[in-house]
Amino acid sequence: MDAAVVLPKLLALAWLLPLASFTLIVFFGPRMGHAGVRAGQVATGAILIGCLISLYALFFVWLPYSHAFETPAEEAHAAAAPDHPAATGDEHADASHGDADHADAAHGAEGHAAASHHAPIIKPIAGDWYALGEFGSLRITIGYYIDSLTVLMFSMVTFIATCIHFYANGYMHDELHDVVDHEVKLANGHHLHRPGRFHRFFQYLSLFCFSMLGIVIAGNIAMIFVFWELVGICSYFLIGFYIERKSASNAANKAFIVNRIGDFGMIIGLMALFGSLGTFAFGDLTREVDGKEVTEPGLFSLVRSEANHHHLVVPDGMVKAAAADEIAAGAEPTAEKIAEWRGETEPKQVGRYAYWLLVVAGLGIFCGCVGKSAQFPLHVWLPDAMEGPTPVSALVHSATMVAAGVYLVGRFFPVFVPEVLLVIAITGCITLFLAATIAITATDIKRVLAYSTVSQLGYMMLALGVGGWVAGMFHLITHAFFKSLLFMCSGSVIHACHTNDMMKMGGLRKKMPWTAYTMLAGCLAIMGAGVPFSIGLSGHYSKDAILAQAYSFKDSNPSFGFLFYVAALGAVITAFYMFRLWFLTFAGEPRDHHIYDHAHESPKIMYYPLVVLAVFAVGVGWSTTDFSWFGLHHLFGEFGVRELLDQAQPVGTLEPTHGVLLENLKYPSEHDSHLDKYHITAELVAFGTAISGFLLALAMYDYRILSAAEVRAHFGPIYQLLIHKWYFDEIYNALFVQPTLFLGRRVAQFDKQVIDGLIDRLAWMTRGVAHLDDLIDRYFIDGLVNLTASCTYGVGIWFRGAETGKLRQYVMFIVVATVSLFFLVSLILAGGP
Amino acid sequence: MAEFLQAYLAPWWLAYVVAALVHAVLLINVVAVGALIFIWLERKVSGRIQDRLGPTRVGGKFGWLQTLADGLKLITKEDLMPEGADGMLFRMAPYISFCASFAGYLALPFADNWVGARLNTAVFFILAVLGLEVFGVILAGYASASKWSLFGAMREAAQVVSYEVPLGMCAVVPVLIAGSMDLVTIGQMQHGWFTNWFVFHDPFTFITFWVYFTCATASVNRAPFDLAEAESELVAGFHTEYSGLRWSIFFMAEYGSMFAVSGLAAILFFGGWNGPLPITEWLGLADTTNPVLSYLGNFIGMLNFMFKCVFGVTFMMWVRWTLPRLRIDQVMTTCLKYCTPIAAASFLGATLWTYFLPGGLILPNNAYGLVREGQLIDGPYPPADAEGPSKETANEKTAGTGDLISQVAGEHRGRD
Amino acid sequence: MNLLTQPVGVSHYLIVGAIMFVAGVVCMATKRNALGVLMGIELVLNGANVNFVAFGSVYLRPEVTGIGLDGQLVALFVIVLAAAEAAVALAITLNFYNNHSTVDVDQADELKG
Amino acid sequence: MDAINWHSFFFLFFALLACGFSLAVVMTSNIVHMAFYLTLALGATSGLFFLAGADFVGAMQLLIYVGGTLVLLIFGVMLTAKGPFISMKTSAGDLVLGAGVGGALLVLLLAAATQVDAWRVSEPSPPVAQVTASRLGMALLGARVDKLDEKDPVQARGMSGYLLPFEIVSVHLLVVLIGSAYLARPKKRMVGGPVDTA
C-alpha cells in the first residue's frame, strides 16, 4: 500500500467522522433516546472509530523505515538511507525531493554528523481533496499536509478525545434530566430550573474534535484559519455551556474576544505570507494543468527552497513586494536584480524591508498562537475558561485547543526567522514563570491546573523559541496526556465533592483511591519524575529535552542565559504547586467533614479512562532506545514519539543559523543539545529542581514542618501580587475595557440624540403624507371596491333562491335538466340539416 | 343427463325440467338427510364430550331415529308469530336462509365432474351465496319485533360481513396455486398421493387452512362464534320468536352451511374426492373412457369427499363443545387483528412461494408442474370433461394464468 | 313477438336497465329517509351496470363490434366503487343521525341559500 | 309451437324479478321492506349477468353488492330504525312530481334503448366459452389477452388494460375504509347538553 494514497483517505475519514456525528446530533439529538442519551454514544462511537483509524494510520509512520512519506522515486536515491556512511549532509535534499533532474548532490557541502544516526527527514504528503474555487492564481482548496507530526497529533487528539468522551458520558449524566442550577439565582429568588442539555454538549464536543483535527490536517493557511476560528467558536460554546451563569458567559466572551485580538495579528501574518508569496498551500502541489503536470511550490519550499539548501532565505516574492518603489520606478525584477536587492541588508535598503516583512509574517502568526495558546500577555482567558464543564477543560484547555497554538508554531517553524524565534522564547519564558507563580496561590483546583497548563505551554513556546522543535513538540504530546489526565482527575474530585475549593478537601485518598493514584501518576509525570540517565515518566523526557535545549542556547548566547534559569526555576515551582494540589486534595486529614462524608469514587465509565490515560502519562515518552539495555531497539528499531517527531523535523531547520537584524543571535542545531555537556547538566538540573519542589511541597503540606500561613504572612506583598494574578485583569480593565465602555456610551448618546432625532423628524413627515394618502384611499378607491362588492352581493342574493338545501329537489333538477337537454339536443338534431 | 332423458320424454323441454328436478332433489336430500344425521351426531358427540351417552333409545341402537322423532314433534307444533312482527319478512326469513345455504351446493362437486353446475367461478359463487345466508338471519331478527332477536341479528350482520374478508382471502390462496376458480379443476389438480393436497403445498397454505377453518366456523355462526344465538345473553338470539317448522328450517340451513364450508375446505385444501392414496388408479377405476369403471371410481371418490365433509362437521362440533363462547369484541378482534393479517401474510407468502417454487413443498410434483408450463394435461389426466363444450375450452380452462402470461409475454416480444 | 321463442337482444337488457335506473332516480327523488336515497343510488348504479354488461356480452353482440371485456371491467369497477360509496354514505348518515337524531334528508337543509 | 329459447326464458324471468322488485322498492314506504326488495332486485340482476355470460361479474355482484354492501345498508337501517323512521311518508305532491319526472326520464331512456336496430336483435358470435375470471384479472393487471390479435395498431394501443384504474381503486378503497371509520367513530360527549337540533 502506498502511504501517499492511503494516509489522506484514512485521516480524512477519521477527520470527518466527528462532523458526521455533529450533523446527526444537530438534527436528531433531542430525539436520540431518553433526553438524548444516545447522542453521547453516537459522538463517542464516532471519535472512537476515528481514534482506531488514526492509530492504524500511525502504523504507516510508526516503523521508522517504512518509507511512508517517501515518493516512489525514492528508491533511486537510496543514498539517503540513514545508515549510509557518507554523511555529507545531503540527506535532506535527497530524501525530500525525489526529482532526479533537480537533485543536486554536489550542493550542501556543510552537513552535520549529529544528524546522521537519525531517521531520515522524509517528505510530507501534500495534496488537495477538493477545490472550492479558483480565482485567477488564487486557489482555495481543502487540502492536506501529512507528515508524522500530523499523524501523531491525530492519534493524540482522537485518543484523548475518546477517553474524554467516555468520561463525559459519566460526568454529564446530570444533564440527562431537568437541572436545577444552584449557581444561578433568578429575579424571583428561585434557582434556575432548565431542561438537560446532554446532547448539545456532545454536539459541541464532536464539532470541536472535527475542528481541531481540521487544523492538524490542514494543507493550506486558508483552511488553517477557518478551522482555527471554528475551534474558537467551539471553545466559546463549551466554556459558556452553563450560559445562564454570569461568570460562564463572561468567561466565554472573554475567551472569544481575547482570541480575536490574537487572530487579528494572525490574519496580518497570513496575509503577509499570501500577499507576497501568492499561495496558501504548505507543501508542493502537483496537479494537472492543460494536460501537463505542474508542480507548484508551497510556502515551505518558497521560504526554504532547495536551491538555497533549505536555508531560510527571504523569498523572491517578498523581495519584490519590498522593492515595490523600485519596480514602480522602472526597474526590471530579473533574477539577478532580485538577488542584488536581497543582499542589501543595510538599513533603508530593499533587503532589509524584505527581511522585516518575513519578521512581520512570523510575529503575526505567532500573535495568533499567543491568543490561542494563552501566552503572555493574552493568557488571561484560560483560567476563566475553567467555567466550562470539566471534560471541556480536559479536552479543550489542556490537551488540544491550546495545543493548537503550539502546533501552529511548530507547523510554521520553517518560516520563523531567528528574531521571531527569540520573541517566541521570551514570551514563553515570561508566560511559564508568571503562570507558575500564580498557580502557587490558587486554591481552586481547576485554576491551579489551568495555570499549570499556561505554564507548560510557556515551556513549549520556550522550547520552540530556542530552536528545540522536537523538544517542544515532544512536550506538547506528553503534556497532552498527563494534563488531560489531571483535569479529568480533578473533574472526578469535583464530581464527588461538588466544590472546586481545595481548602475544603483533604484526605480524599481513602474515599477515591482510583482518582487519587491516577492523579499522583499525572503529578509525577508533569513534575518530570524519573531516575537520571535511566528511566522516568513521560514528562521526564520532554522536560529534560527542553532544559537541554535551553542550556545549549545559553551556551551560544550567554546574554540570554536567563531563559534557562527561569525554566529551571519554573520546574521547581511546577513540582511544588502540583504536589501542593495533590497533598491538599488527597492527603492529610479532611478539612470539611460534610464534603468528605459525601465524597465517593466516580463511576467506572469515569475512572477507566483515567487509568488508560495514566498508563499513557507514564509511558508515552518512552522509546526503544530508553530500553537499549533490554535490546528492544534491536527488535523494533529505534522508535518512540521522539523518533517519530525526528522524522517530521522541518527540512533545513537543523542547520545552525544566526540572526540578521540581531547579528549576535546564534541558533545552534537542535542535535547539539544531545551532546553530553548539555545533556547531563540539564538532566541533573531537572532532577534537582523537581525533587526540591517536591520536597518543599512535602514539607509544607504533608509533614507541615513549614507553615503555609507563616510563609504567606512573611511574603505579604508578593502573596497579594500572586493572588491577584499579577493584576492583569485589573490592568486590562483600566486600560482597555473602561475606555471602550466610555467610548461606547458616548456613541450611544450621539445615536440617541442626533440620529434618532433626525429619524423622528423624517417619520413625522412620512406620517403626514400617509394621512393624505389614507383619505384618497378611503373615499375614492374603497368606494369603487364597495360598489363592485355590493353589485356582486345583490346578484348573489337573487340567485340564492335556487339553493333550497333539499337533497331531493336537487335530484329533480338533475333529472329535469337531463331530460330537457336530451329533448333540446334531439330537437336541434332533428331540425338541423 | 338431459340428453339421455331426451330420448325417452316426449316434449323435449320436459327432459330438461326432469333433469333439473333430479339434480335438485339429490342435492336437497344431501341437505335434509345430512341435517338429520348431523343433529343426531351432534347429540352423540356432545354427549361423549360431556361424559354421557346422548340419545340411546329411539330407533333401537344408538338412538339413531332421535332426530326424526324431533322433526315429527316440530311439525306438529303450533306456528306462532308475535303480534308486532312484520308478517311477510317473518315468514320469508327461514326460506331465505335455507335457499342461500342450499344454493351453494349448486356448484359443489361431489366427485370428478359430479356437480350440479360446473361454474368457472365456483369458489367465488359458493362464498357469495353462503354469505347471503345472513340476510335470513337479519330479517328474522328484525321481523320478530323483539329486542333479543334484533341484537342477535345485528351481531350476526357485523360478524359475517367482517369474517367474509379473511375467508375470501384464504380461499384465494388455493385458487392462486391452481390458477383456476373452477372447483373441479382444483380437485383434479390434487390427484395422486396426499402430498399433492394443497394443504401440504407449502407452509403458508397450511397456515391458511387453519385460518380458513376458523373463519368458516365464524361465518356459519357456530360456537365459539355463535353470538347471534347466544342463549345465555339473548335467550335464543335471532330465532327467539320462531317455533315449529320455521325454526327447524333455520337449523337445516345451519347444518347445510356447515357441510358446505367443510366441503369447500375439503376441495380447496384436502384434495376433494381424491383419497390420500391413488387407490382408484391402482384399481383401474380412473379410466374415463369406460363409463362403468369411471362411475365406480367417482362413487368411491364421492364417499371419500363425504367422509372429509363429515369429518369437518364433526371437527366443528368438537370445537363447539370444547371452547367457551367469545364476547362480541373478542370476535371482532379475532377477525380484524388476527385472522385478516395472518391471511394476508399467508397470501403473500404463498404467492412468493408459488413464484419461486412452483412445484410446492415436496418435489417433484408433476401435476401442476405441467399446468405451470402451460401444456395440456394429457399424462395423468385425460381432458377433464369429455362431454364439455369443446376441447379448446378445456384447454383454456385448465391452462390458467400461466398460459396467458406466457402468451402475453410472447406477444410483447413479438412487438419489440 | 314472442319473447319466449325469440332470442333477446341488447335492447331488452337496456330496457331492464332503464327501468331500474328510473326506479332508482324516483327513489332518490321521493324517499325522505337518507337510507332510502342510498338505496336509490344503488339501483341507479345497477341499472347502469346492466347496460355495461349487456354491451360487453358476446352472447348478445358480435365480438367485433361489442365492447367485449371492457363492459365487464367497468361493471366491476362500478361494483367496487359502489361498495366504497355505500360505506362512506352510511358513515355520513350515521353521523347525521348522531348529530340530529333523525335520518330525514329534508331536515338536512342547513346549507340552503 | 316454436321451441322455447331458454336464454329468453330465463332472461324474462330475471328481468321481471329485477324490474318488479325495483318498482317495489319505489312503492313501499317501509325502509326495511325496501332493503329486502332491493336485495332481491340486485340478486335478480346478478342472474342477468350470469345470463349475459359475465360469470365473474355476477358472482361479484352477489358477493360484494348483495353480501357486503346491502348487508351494510341493512345494518345502517337497523341502527337507525326507530319507530318514526321506519315508514316516512312522502307528501303526495312530491310523489306526483317524482312520478312525472321519472316517467319523462323513462320515456326518454326507453326511446333511446329501442331506437337502434342493431341492438334489438342479437347476432351472437360463434359460441366461445370464456374463462372470464382470468381474462378480467389479466386486464386488471394491464394485459388485454382478449385483444391480442387486434390488427389495427391504433386500436391496439388503446388496449393497455386497466392497471392504473385498478391501483387508483385500491387506494380509493383504503381511503374510504379509513375515512368511514373516522366519520362513524364514537363522538366525545359535548359539554353542556345535547346539540341543539332545532
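Just so it is clear: chains get the letters A, B, ... in the order the sequence lines come, proteins before strands, and each one is counted from 1.
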K.L.:
Among D:Ala52, D:Gly98, D:Ala112, which has the most heavy-atom pairs under 4.5 Å with chain C?
P.N.:
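Option with the greatest count: D:Ala52.
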
K.L.:
Just verifying a value: how many Å separate C:Thr30 OG1 and D:Leu95 CG, rounded to the nearest 0.5 Å?
P.N.:
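These two atoms lie 6.0 Å from each other.
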
K.L.:
Between D:Ala35 and chain C, which part of the residue has a heavy atom less than 4.5 Å away: side chain, backbone, both or neither?
P.N.:
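Contact with chain C involves both backbone and side-chain atoms of D:Ala35.
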
K.L.:
So which of C:Leu90, C:Leu94, C:Val88 actually passes side chain to side chain contact (heavy atoms under 4.5 Å, CB included) with C:Ile92?
P.N.:
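By the side chain to side chain contact (heavy atoms under 4.5 Å, CB included) criterion, C:Ile92 pairs with just one of C:Leu90, C:Leu94, C:Val88: C:Val88.
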
K.L.:
Roughly how far apart are D:Thr45 OG1 and D:Leu40 CG, rounded to 0.5 Å?
P.N.:
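The CG atom of D:Leu40 is 10.5 Å from OG1 of D:Thr45, to the nearest 0.5 Å.
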
K.L.:
Of all of C:Ala87, C:Ala86, C:Gly24, which one pairs up most often with chain D through heavy atoms under 4.5 Å apart?
P.N.:
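Highest number of pairs under 4.5 Å: C:Ala87.
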
K.L.:
Give the intermediate values and the outcome of side chain to side chain contact (heavy atoms under 4.5 Å, CB included) for residues C:Leu76 and D:Phe56.
P.N.:
CA-CA 9 Å; C:Leu76 276 185; D:Phe56 189 76; 4.0 Å; yes

K.L.:
Determine the interplanar angle of the D:Phe11 and C:His12 rings, folded into 0 to 90°, and report it as parallel if under 30°, tilted if 30 to 60°, perpendicular if over 60°.
P.N.:
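Perpendicular.
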
K.L.:
Report yes if some heavy atom in the side chain of D:Val25 is under 4.5 Å from a heavy atom in the side chain of C:Glu42; otherwise report no.
P.N.:
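Answer no - side chains too far apart.
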
K.L.:
Looking at chain C, which one of D:Leu38, D:Leu177, D:Leu16 has the largest number of heavy-atom pairs inside 4.5 Å, strictly under?
P.N.:
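Among D:Leu38, D:Leu177, D:Leu16, the one with the most close pairs to chain C is D:Leu38.
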
K.L.:
So for D:Ile64, is it side chain, backbone, both, or neither that comes closer than 4.5 Å to the heavy atoms of chain C?
P.N.:
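Side chain only.
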
K.L.:
What residue in D:Leu106, D:Leu42, D:Leu70 has the most heavy-atom pairs under 4.5 Å with chain C?
P.N.:
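Most pairs with chain C among the choices: D:Leu106.
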
K.L.:
Is it the side chain or the backbone of C:Phe21 that comes within 4.5 Å of chain D heavy atoms, both, or neither?
P.N.:
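Contact with chain D is through the side chain of C:Phe21 alone.
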
K.L.:
Counting heavy-atom pairs under 4.5 Å with chain C, which one of D:Gly103, D:Ala113, D:Gly102, D:Ala18 comes out on top?
P.N.:
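Answer, by heavy-atom pair count under 4.5 Å with chain C: D:Ala113.
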
K.L.:
At a heavy-atom distance under 4.5 Å, which candidate from D:Leu108, D:Leu51, D:Leu23, D:Val175 has the highest pair count against chain C?
P.N.:
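Among D:Leu108, D:Leu51, D:Leu23, D:Val175, the one with the most close pairs to chain C is D:Leu51.
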
K.L.:
Please state whether the side chain, the backbone, both or neither of C:Leu35 comes within less than 4.5 Å of a heavy atom of chain D.
P.N.:
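Both parts, backbone and side chain.
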
K.L.:
With a 4.5 angstrom heavy-atom cut-off, could you sort out which part of C:Val74 is near chain D: side chain, backbone, both or neither?
P.N.:
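Answer is side chain: those atoms of C:Val74 sit under 4.5 Å from chain D.
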
K.L.:
Could you pull out the closest heavy-atom pair between C:Lys31 and C:Val105, with the gap in Å?
P.N.:
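Scanning both residues, the minimum pair turns out to be O-CG2, 4.0 Å.
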
K.L.:
Quick check: do D:Met60 and D:Phe49 have side-chain heavy atoms less than 4.5 Å from each other?
P.N.:
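With C-beta onward as the side chain, the pair stays apart.
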
K.L.:
Please classify the contact between D:Thr28 and chain C as side chain, backbone, both or neither, with a heavy-atom cut-off of under 4.5 Å.
P.N.:
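Contact with chain C is through the backbone of D:Thr28 alone.
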
K.L.:
Under a 4.5 Å heavy-atom cut-off, does chain D meet the side chain of C:Val80, its backbone, both or neither?
P.N.:
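Contact with chain D is through both the backbone and side chain of C:Val80.
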
